Number of protein chains: 2
Amino acid sequence: MQPLEGQLTMQDQGTKVDEAMARSAKPAGTDETQVNAARERFQRIYSILRSRICMLDYPPGTRLSEEALAAEFGISRTPVRRVLGWLESQGLLRSVQGVGTIVTDVEIGAFAQVYQLRMELAELVGKLSPVPPSEETIRLFHELEARGVELVARPDPRNFAQLNIDFFHALMRLTENEPLREISERLYYQTARIWLKSISHMDLAEEVAVFAREIAEIRTAVEIGDVSAAAYIRRSHISMSFVRLSTTSALR
Amino acid sequence: MQPLEGQLTMQDQGTKVDEAMARSAKPAGTDETQVNAARERFQRIYSILRSRICMLDYPPGTRLSEEALAAEFGISRTPVRRVLGWLESQGLLRSVQGVGTIVTDVEIGAFAQVYQLRMELAELVGKLSPVPPSEETIRLFHELEARGVELVARPDPRNFAQLNIDFFHALMRLTENEPLREISERLYYQTARIWLKSISHMDLAEEVAVFAREIAEIRTAVEIGDVSAAAYIRRSHISMSFVRLSTTSALR
DNA sequence: TTTTCTTATATTGTACACAACAGCATCTAG
DNA sequence: CTAGATGCTGTTGTGTACAATATAAGAAAA
């Protein structure tokens, strides 16, 4: 089997894509056999576009152009459409013939439902196949805590969002229940962008401070191996986050 | 990639749907806005293939041919590939270049994890946005109970599977939490076929009898409007079903 | 006989041309 | 001047030819 040399591999390292996405490479779980470049490229573009959506590079209502994306990645519309199809199945996009591919928005009702469910799933992380945190995991949480401290010193919405995402993925290390991970991830990406959008109408400094405390608390629980406690802390903060969002009427 | 102010509320008055489209019965669950024939056809084929997979018409390991499916539905490979892409994102298929599109199997470990999660989600149906059962819903459960009685009289694996599916969808009426519905449905379709495959190695008559009792119990709870009780009954039966499956080593 | 390389063949992946469709601007009839 | 019709333009959906790939069969050499 010859390694990837056909056609457009040279354009792959063409650096036309955001280099910043290198970090957000696949939140574990997918240790697929990367025997071919096609699947790898698919995953790469999928992660990039998903990140752009939830980081509000593509705010809700944005019209994506298949052709523009194809040009950006140096491929044709066909593989782009496959990625968009997956994102549509995840509820992040909606394609309408003659109109375009539009980034979805989440109405207030559905938002509340997702948050309710996310609370319950967060609790389940401590109940279904909890994993005793490894040294590496503990170190990761320490690193996240440090980033939280730095964020408090210099609040910034985008760094806030990125830390939130990375913190979420770190939490997913605490359970080995793969379906729970997948579903939690799906729901997280459905609401993260709405949450981020609302942040601009709220007290950023206070939100950052609360989040930094959450990280510190959970780091403490993780350090002593009490995954269940970490899960309950997480649940409570998801709950409080939603209450703050509702009371400030930051949602529409 | 400019933001779109007008959002997407304009296609509602379009309604120039081609009425010639076959009105095939979609097995509930997906109440998409059928503004165009393309989306309707997509949903139709998607439901058909998903049903074939979970009814074991396509047992795990089966290799599907895009071309054959295209010929069967009278279309080209392109729209077929879109449907297969969605099924792949749901974890029911896996496409490998040069090999084919293969119906996935579920290993014993992942099966157990999904069952654990399904138990918890079943309980949540009674907690997150439970819906007071309407007269129509109660009638539906009565009908299901009758079908259960009939099944006990004449056990049949295929009818068993179909009743199981319909019963599941009826249970989903008991909550208005749409994300919970979607996720429960996804997990159900991931494991239903494995469960059905194992039935052949178990005591069909006994399984049918237990299932009929479950329906009767839950019908009783639903009839008096106690959705929470119905959810707990369901949870307990999912649990017992998994125990029976494990003890008889019907899994592999 | 066994092993290894080659070749045939079937399948999914990709590119591209065109069809279907929606929205908008323009034009024309009254 | 207004209102409706009509073509223009850009978008996604579909069909089709071809490329890339994996598997299996077969041939050739040890």
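Below, chain A is the first sequence line, B the second, and so on; all start at residue 1. Computation of the quantities below employed the complete heavy-atom set of this structure, encompassing side-chain atoms and omitting hydrogens, waters and symmetry-equivalent molecules. Source: prediction; values computed, not measured.
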task = Pull out every residue in residues 79-90 of chain B that has a heavy atom closer than 4.0 Å to any atom of DNA chain C, ordered by number, or say none.
result = B:Arg81
message = According to side chain to side chain donor-acceptor pair (under 3.5 Å), who are the partners of B:Asp57, at least two apart in sequence or on a separate chain?
response = B:Arg158
key: Presence of A:Thr78 side-chain N/O under 4.0 Å of C:dA15 phosphate oxygens OP1/OP2   = no
B:Glu67 atom CD: more than 12 heavy-atom contacts under 6.0 Å = no
Interatomic distance, B:Leu64 CG vs C:dA10 C1' [rounded to whole Å] = 15 Å
ask   = Whole Å only: how far is the CZ atom of A:Arg63 from the P atom of C:dA22?
value = 14 Å
request  = Apply side chain to side chain contact (heavy atoms under 4.5 Å, CB included) to B:Pro79 and list each qualifying residue two or more places apart in sequence or on a separate chain.
outcome  = B:Arg41, B:Ile75, B:Ser76
task = Please tell me which of A:Gly98 and B:Glu67 maps to the more 5' nucleotide of DNA chain C, matching each residue to the nucleotide holding its nearest heavy atom.
result = B:Glu67
request  = Determine the interplanar angle of the B:Phe168 and B:Tyr189 rings, folded into 0 to 90°, and report it as parallel if under 30°, tilted if 30 to 60°, perpendicular if over 60°.
outcome  = perpendicular
inquiry  = Tell me every residue that passes ring-ring contact (aromatic ring centres under 6.0 Å, His included) with A:Phe160, counting only those two or more places apart in sequence or in another chain.
reply    = A:Trp195, A:Phe211
query = Whole Å only: how far is the CD1 atom of B:Ile102 from the P atom of D:dA22?
reply = 12 Å
message = Would the base of C:dA20 count as contacting A:Gln97 through its side chain, where contact means a donor and an acceptor less than 3.5 Å apart?
response = yes
request  = Could you please name the option among D:dT12, C:dT12, C:dA15 that lies closest to any side-chain atom of A:Ile75?
outcome  = C:dA15
task = Under 4.0 Å between any heavy atoms, over every strand shown, what does B:Ser95 touch: base, sugar-phosphate, or nothing? Just pick one.
result = sugar-phosphate
ask   = How would you list, by chain and number, every residue that makes a salt bridge (Lys or Arg N to Asp or Glu O under 4.0 Å) with B:Asp156, sequence neighbours excluded?
value = none
ask   = Where each residue is assigned the nucleotide of DNA chain D containing its nearest heavy atom, which of B:Ser76 and B:Val99 is assigned the position nearer the 5′ end?
value = B:Ser76
inquiry  = What is the separation between atom CZ on A:Phe73 and atom P on C:dT14, rounded to the nearest whole Å?
reply    = 14 Å
inquiry  = If the cut-off is 4.0 Å, is A:Arg41 near the phosphate of C:dT14, judged by side-chain N/O to OP1 or OP2?
reply    = yes
inquiry  = What's A:Leu93 touching, base or sugar-phosphate or nothing? Going by heavy atoms closer than 4.0 Å.
reply    = nothing
request  = Using atom CD of A:Glu66 as one end and atom P of C:dA20 as the other, report the distance to the nearest whole Å.
outcome  = 18 Å
key: Euclidean distance, atom CZ of residue A:Arg77 to atom P of C:dA19 [Å, nearest integer]   = 14 Å
note = Residue set satisfying ring-ring contact (aromatic ring centres under 6.0 Å, His included) with A:Phe42, at least two apart, ordered chain then number -> A:Trp86
key: Nucleotide C:dG13, atom C1' - distance to CD of A:Glu40 in whole Å   = 16 Å
